Amino acid sequence: MEIASKYDPHAVEDRWYAFWIEKKLFHSEPDDRQPYTVVIPPPNVTGVLHMGHMLNNTIQDVLVRRARMMGKNACWVPGTDHASIATEAKVVKMLKDQGIDKRGLTRDEFMKYAWEWKEKYGGIILQQLRKLGASCDWDRTAFTMDDIRYESVIRVFCDLYNKGLIYRGVRMVNWDPQALTAVSDEEVIYKESHGKLYYLRYMIEGEPGKYAVVATTRPETIMGDTAMCINPNDPKNTHLRGKKVVVPIVGRVIPVIEDEYVDIEFGTGCLKVTPAHDINDYNLGLTHHLESIDIFNDNGTLNDNGGKYAGMDRFACRKQIVQDLEEAGLLEKVEDYTNNVGYSERTNVVIEPKLSAQWFVKMRDISAKALEVVEDNTIRFHPEKFKNTYRHWLENIKDWCISRQLWWGQRIPAYYLPNKEVVVAPSREEAYRLACEKYPGVVKSADELVQDEDVLDTWFSSWLWPISLFDGIRNPDNKEIKYYYPTEDLITAPDIIFFWVARMIMAGEEYRKEVPFKNVYFTGIVRDKLGRKMSKQLGNSPDPLVLIDKYGADGVRMGMLLTAPAGNDLPFDESICEQGRNFANKIWNALRLVKGWAVSDELQQSHENELSIQWMEQRMACVLEEVERDFESYRLSEALMASYKLVWDDFCSWYLEMVKPAYGTPIDRETMACTLDIFEKLMCILHPFMPFVTEEIWHTLRPVCRAGQSIMTQPMPTSVFFDQRFLDEFTMAQEMVAGVRALRNTKGLSPKEALDLYVKGNAPLQFNGIITKLANLSKIETTKDKMDGALSFMVGTTECFVPVNININKEDEIKKLEEELKYTEGFLASVMKKLGNEKFVNGAPEKVVAVERKKQADAEQKIAALKAQIEALR
RNA sequence: GGGAGUAUAGCUCAGCUGGUUCAGAGCACCUGCCUUACAAGCAGGGGGUCACAAGUUCGAACCUUGUUACUCCCACCA
């Protein structure tokens, strides 16, 4: 059979993915096996695959595939998130491009367009995940706004409302003037920005010519000023007590109030108070019962309260008002100033604090248990340091603003009566019944009820995800939720620990009385070579599909995993995918080698081959133990590295060379069978990391037996007992081989020329045959005496001699030996110093002292040998 | 402003309870090889004051304190 000398992922990947789908190998149904459930962090339905998704989903796939091979009923549920703001913005833009203005549409018309858009363009990302090899149960694909999830969200809203955990209130919220909606605190990104600090003169009423100076970064908000505030302990402003001042330009007379909130050191110690447009001013307004004057329209332009500036954009107004102040002589000075300004995460416009009526979830009670289960490790965080972040947030938690002034989302099931009362119910009909019950005679038909215009925050759907995916809100006792919940591992990025992770834990406690997952694995953030976060704006993110095309899905998966320890940022450089690609090719060529061997039934298995197999199996057991430990502690990159070295070094570089028959000669059947077994097991170990190439090779190794089957469902090899002493002895044999090779290298001896090897001291005699083969020796003998005129090297305390025909440069040899002697003597000296220290000998554990004595003996022996060799050369 | 974390080879990282020849791995690099599986390869090799300083200890990459640098999170003083 002809096998191409280079592995070509293109020919393989799509074929096997189709095969897995066809055989329904990703699909899970509840059965007797132990469940292993993972829910995907639902990507935005509008999203396209980026490197963060690649990392995140590769990790999930590794865990899921491994669990499946370990005999668990693995279920990885995919889906997408409706992403209110992002999606609505995209649809609005699309409509605009078609010349349609959203404001000219009814809600229903808009929703129709939005759903059409979603059906047409949404979920591309799920298609892309297939290229990566993701073994999601696609039959279960869900959407946060499909019927089950929509209804679940509505039910939860009603339930929490009835429990008194949801309320409507007027609060200062973060207003996004572009998206025209409130956003939660978590969606505001503060960025340092360079602005100006304006010093404005507020004339004191009744004292002509006298004024107080106020420093502000936002002079346009003076129209909303309803007080000036000073600190009662501020000596420089005592003269302002009880006075009234005149707001510049506006002319309104406002009182001077006193509050310790004001920082005496900042500016002049005078603060203008604009309760409608600053959260701190708002709080001052509450304490001092100030009037609130809202000067902005929802889109960030000034409203009628802005007087002559009405209709202007807030930033244009700032410019104009500064000019007007200057002309009026009311601008004292302007300084450069750097402060933090909040931007909307979604639209990147400056957030405007705004008073408005919104719906909130009371967080205090609902969050208490959520802290506990993480503190007591019912849910484990990997890495653990994120517990700190989590604790800090929960201990300072604020109520969650869940209403959004958008159409794309679950519409809030609150209905207003003509008498301004509100009822909350899952449907208009039920709301009507409820209204009749609570306020008899107020409404005559359901049509009279006016439903709240707002939709719910997208996270208000996502927080139910692990439950709603299995319909556990609507049917809390159904078979699926009982089987699959709680899920096992959650893989997510640390930046949504509050948005999502914390809230899922709360929802889990509230609706299942149980945690939603047992482990949370926080991935790092994928950055570029310069350490910048990869983002669309910067254009520094490679297209994952192009990478897959270039290096193969297996290559990219491996590249990502190799440098991605949990919680560490991943400085991604495309070149690391090469390592993955090269590895796939390496295994591929091992396949070519093995498949090229002719098998003979006549041949007896040699002792060397038997030993080689024994070693390889033990070595595999040893590494498996390590891999299992790594998986238990979620150290995936280490598990992969250990597997990588097992295959490349132990299997390819050593084992295959050991059993490889001489060119043109066959291999015995027994060794061939064992080699295939080992090779298959290695493919199983690698399968979770590199699903495609391992499936292809697994089939090619034994095409007839494996037809119609998949490596996916093979049992994962587990570690068994291994003899460490045997492995150590082999290590010594390896060192002897390496010693001979090094001699050839430094002395320019051809690898083709067979050499003799004489060994003085301890040697792993049982491996002589193997050493002979790998080092290309004609013979290997033990000797009691050192040999003159031969090249030499040492393995531990064992001396090895290789007689050669070339002239030995005695000076060079002596120099080399003397260097080693010097090092060993230094080493011995440090050992002796330790052993000479009474406190050490008495204080250290016996075992440690014994080790030191062994070091001493070995070093002394080595020094004697080196000295003798030098002497002989002289 | 508050908190957390990190600092080990050119790069990315291991290094567990302080003690094994403990200073490691992979990549990169250097040298020699197209050896009939693989140059996406083989064989061999060089490379680190474990950020800095002090302390604890018989013994410190590891524990303590301080210093410096970087990263992240939270808060949002106009």
Side-chain angles (χ1 to χ4, degrees), chain A residues 3 5-7 185 188 190 197 214-218 221 229 261-263 265-267 270-274 278-281 337 339-342 383 385-393 396 494-495 497-498 525 529 531 551 555 562-565 567-571 573 575-576 578-597 629 633 635 637-638 641-642 644-645 652-653 656-657 660 663-664 738 741-746 748 750-752 776 796 824 827 831 833-834 837-845 847-852 854-855 858-859:
Chain A
I3 303 176
S5 72
K6 286 214 179 354
Y7 171 65
D185 291 344
V188 180
Y190 285 91
L197 191 58
V214 169
T216 179
T217 54
R218 302 201 58 192
T221 61
C229 192
Y261 162 75
V262 176
D263 182 351
E265 303 304 319
F266 190 91
C270 295
L271 172 73
K272 68 189 221 44
V273 185
T274 321
D278 182 282
I279 180 67
N280 299 301
D281 292 11
Y337 189 66
N339 66 341
N340 282 332
V341 176
K385 66 178 177 186
F386 287 109
K387 276 170 85 169
N388 296 325
T389 315
Y390 182 83
R391 180 188 317 115
H392 186 260
W393 187 74
N396 297 284
D495 50 356
I497 186 169
F498 312 130
I525 292 166
K529 266 191 267 190
Y551 302 101
L562 272 178
T563 42
N568 269 33
D569 281 2
L570 168 61
D573 181 353
S575 66
I576 56 174
E578 274 176 34
Q579 198 180 348
R581 180 199 60 181
N582 294 356
F583 185 45
N585 195 51
K586 179 72 185 178
I587 321 168
W588 183 253
N589 276 289
L591 171 77
R592 287 179 68 213
L593 174 67
V594 172
K595 291 300 284 184
W597 291 339
R629 255 203 322 272
S633 46
R635 304 203 294 185
S637 54
E638 309 230 344
M641 183 47 72
Y644 170 85
K645 286 195 277 191
C652 293
S653 297
L656 289 180
E657 293 298 333
K660 181 172 164 181
Y663 183 65
R741 285 174 177 168
L743 278 189
R744 287 186 195 275
N745 232 334
T746 51
S750 163
K752 288 176 181 164
N776 188 20
T824 312
F827 174 71
V831 173
K833 195 179 155 199
K834 257 192 192 177
N837 184 334
E838 251 181 69
K839 284 182 182 167
F840 170 73
V841 179
N842 297 331
K847 218 172 104 185
V848 175
V849 178
V851 166
E852 290 302 315
K854 171 91 165 62
K855 282 192 211 169
D858 286 354

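Below, chains carry the letters A, B, ... as their sequence lines are ordered, and counting in each starts from 1. Small disclaimer: the values here were computed from a predicted structure and weren't measured.
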Requested in this report: For B/rC30 versus B/rC13, give the span between their P atoms, rounded off to a whole number of Å.
Outcome: 24 Å

Requested in this report: Report the nucleotide, chosen from B/rG44, B/rG19, B/rA78, that has the shortest atom-to-atom distance to any side-chain atom of A/D263.
Outcome: B/rA78

Requested in this report: Indicate yes or no for a side-chain donor-acceptor contact from A/N585 to the backbone of A/K6 under 3.5 Å, with no hydrogens or angles considered.
Outcome: no

Report task. Using the P atom as the reference point in each nucleotide, state the distance between B/rG15 and B/rC63 in Å, no decimals. Result -> 12 Å

Query raised in the report: Under 3.5 Å, is there an N or O donor on one side and an acceptor on the other linking the side chain of A/D278 and the base of B/rA78?
Result: no

Requested in this report: Using atom NZ of A/K645 as one end and atom P of B/rG24 as the other, report the distance to the nearest whole Å.
Outcome: 13 Å

Requested in this report: For nucleotides B/rA40 and B/rC34, find the distance between their P atoms and express it as a whole number of Å.
Outcome: 16 Å

Query - Length of the line joining A/N388:CG and B/rG2:C1', which is rounded to integer Å - result: 14 Å

Report task. Specify the separation, in whole Å, of atom CD1 of A/I497 and atom C1' of B/rG3. Result -> 14 Å

**Report entry** Touch class at under 4.0 angstrom, heavy-atom based, for A/F498 against every strand present
**Finding:** sugar-phosphate

Requested in this report: State which of B/rC58, B/rA43, B/rA37 makes the closest approach to the side chain of A/F840.
Outcome: B/rC58

Query raised in the report: Is there a side-chain polar atom (N or O) of A/Y644 under 4.0 Å from OP1 or OP2 of B/rC27?
Result: yes

Requested in this report: May I ask you to say what A/N585 touches in the nucleic acid, namely base, sugar-phosphate or nothing, with a heavy-atom cut-off under 4.0 Å?
Outcome: base

Query raised in the report: Which comes earlier along RNA chain B counting from the 5' end, the contact point of A/F583 or that of A/T746, where each point is its nearest nucleotide?
Result: A/F583

Report task. Report yes if at least one side-chain N or O of A/N339 is closer than 4.0 Å to OP1 or OP2 of B/rA78; otherwise report no. Result -> yes

Query raised in the report: Taking the side chain of A/K385 as heavy atoms from C-beta outward, which of B/rG5, B/rA78, B/rA37 is closest to it?
Result: B/rG5

Query raised in the report: Is it true that the side chains of A/T389 and A/K387 contain a donor and an acceptor less than 3.5 Å apart?
Result: no

Query - N or O in side chain of A/R635 less than 4.0 angstrom from B/rG15 OP1/OP2 - result: yes

Query raised in the report: Does the B/rA37 base have a donor-acceptor partner in the side chain of A/E657 within less than 3.5 Å?
Result: yes

**Report entry** C1' spacing across the pair B/rC16 / B/rA28, given as an integer number of angstrom
**Finding:** 29 Å

Report summary line: By the Watson-Crick or G-U definition, both distances under 3.5 Å, B/rC38 is matched with none

Query raised in the report: Quick one: does A/I576's side chain get under 4.5 Å of A/E578's, heavy atoms only?
Result: no

Report task. Using Watson-Crick or G-U wobble geometry with both distances below 3.5 Å, tell me the partner of B/rU71, or none. Result -> B/rA4

Query - Counter-base of B/rC52, judged by Watson-Crick or G-U geometry with both distances under 3.5 Å - result: B/rG66

Report summary line: Whole-Å distance, A/F386 CZ to B/rU71 P, equals 16 Å

Requested in this report: Kindly say whether A/H392 contributes a backbone atom to a donor-acceptor pair with the side chain of A/N396 at under 3.5 angstrom?
Outcome: yes

Query raised in the report: The side chain of A/S653 lies closest to which of these nucleotides: B/rA37, B/rC42, B/rG44?
Result: B/rC42

Query raised in the report: Any sub-3.5 Å donor-acceptor pair from A/N589's side-chain atoms to A/R592's backbone N or O?
Result: no

Query - Integer angstrom distance from the C1' of B/rU57 to that of B/rU64 - result: 12 Å

Requested in this report: Using atom CG of A/N340 as one end and atom C1' of B/rA78 as the other, report the distance to the nearest whole Å.
Outcome: 13 Å

Report task. Please report, rounded to the nearest Å, how far the P atom of B/rA4 is from the CZ atom of A/R391. Result -> 10 Å

Query raised in the report: What is the nucleic acid contact for A/A859, judged by heavy atoms within less than 4.0 Å: base, sugar-phosphate only, or nothing?
Result: nothing

Report task. Look at A/Y390 and B/rA4 and indicate whether a side-chain polar atom (N or O) is within less than 4.0 Å of OP1 or OP2. Result -> no

Report task. Respond yes when some side-chain nitrogen or oxygen of A/N582 is under 4.0 Å from OP1 or OP2 of B/rC38, and no when none is. Result -> no

Query raised in the report: Between the main-chain N or O of A/Y190 and the side-chain N or O of A/N340, is there a donor-acceptor pair closer than 3.5 Å?
Result: no

Requested in this report: Please answer whether the main-chain N or O of A/S750 pairs with a side-chain N or O of A/R744 as donor and acceptor at a distance below 3.5 Å.
Outcome: yes

Requested in this report: For B/rC38 versus B/rG24, give the span between their P atoms, rounded off to a whole number of Å.
Outcome: 34 Å

Query - For atom CD of A/E838 and atom C1' of B/rC58, their distance in whole Å - result: 11 Å

Report summary line: 5'-most contact on RNA chain B (nearest-nucleotide basis), A/V841 vs A/P751, goes to A/P751

Query raised in the report: A/V851 side chain: which of B/rU20, B/rA78, B/rA40 is closest?
Result: B/rU20

Report summary line: A/V849 and A/V841 have their tightest heavy-atom pair at CG2-O, 4.0 Å

Query raised in the report: Would you say A/K586 reaches B/rC42's phosphate, i.e. side-chain N/O to OP1/OP2 under 4.0 Å?
Result: yes

**Report entry** Between B/rG3 and B/rU67 - P atom distance, rounded Å
**Finding:** 14 Å

Query raised in the report: Looking for any heavy atom pair under 4.0 Å, which part of the strands does A/R581 touch: base, sugar-phosphate only, or nothing?
Result: base

**Report entry** Whole-Å gap separating P (B/rC27) and CD (A/E638)
**Finding:** 15 Å

Requested in this report: Remember a base hit wins even if backbone is also touched, and classify A/C652 as base, sugar-phosphate or nothing at under 4.0 Å, heavy atoms.
Outcome: base

Report summary line: For B/rG26, the nucleotide meeting Watson-Crick or G-U wobble distances (both under 3.5 Å) is B/rC11

Query raised in the report: Among the nucleotides B/rA39, B/rA37, B/rA78, which one has an atom lying closest to any side-chain atom of A/K660?
Result: B/rA37

Report task. Tell me which nucleotide among B/rA43, B/rC27, B/rC73 gets nearest to the side chain of A/Q579. Result -> B/rC27

Query raised in the report: Whom does B/rU17 pair with, Watson-Crick or G-U wobble, provided both distances fall under 3.5 Å?
Result: none

Query raised in the report: Say you pick atom P in B/rA61 and the same atom in B/rG1; how far apart are they, in whole Å?
Result: 35 Å

**Report entry** A/N842 side chain vs A/E838 backbone, donor-acceptor pair below 3.5 Å
**Finding:** yes

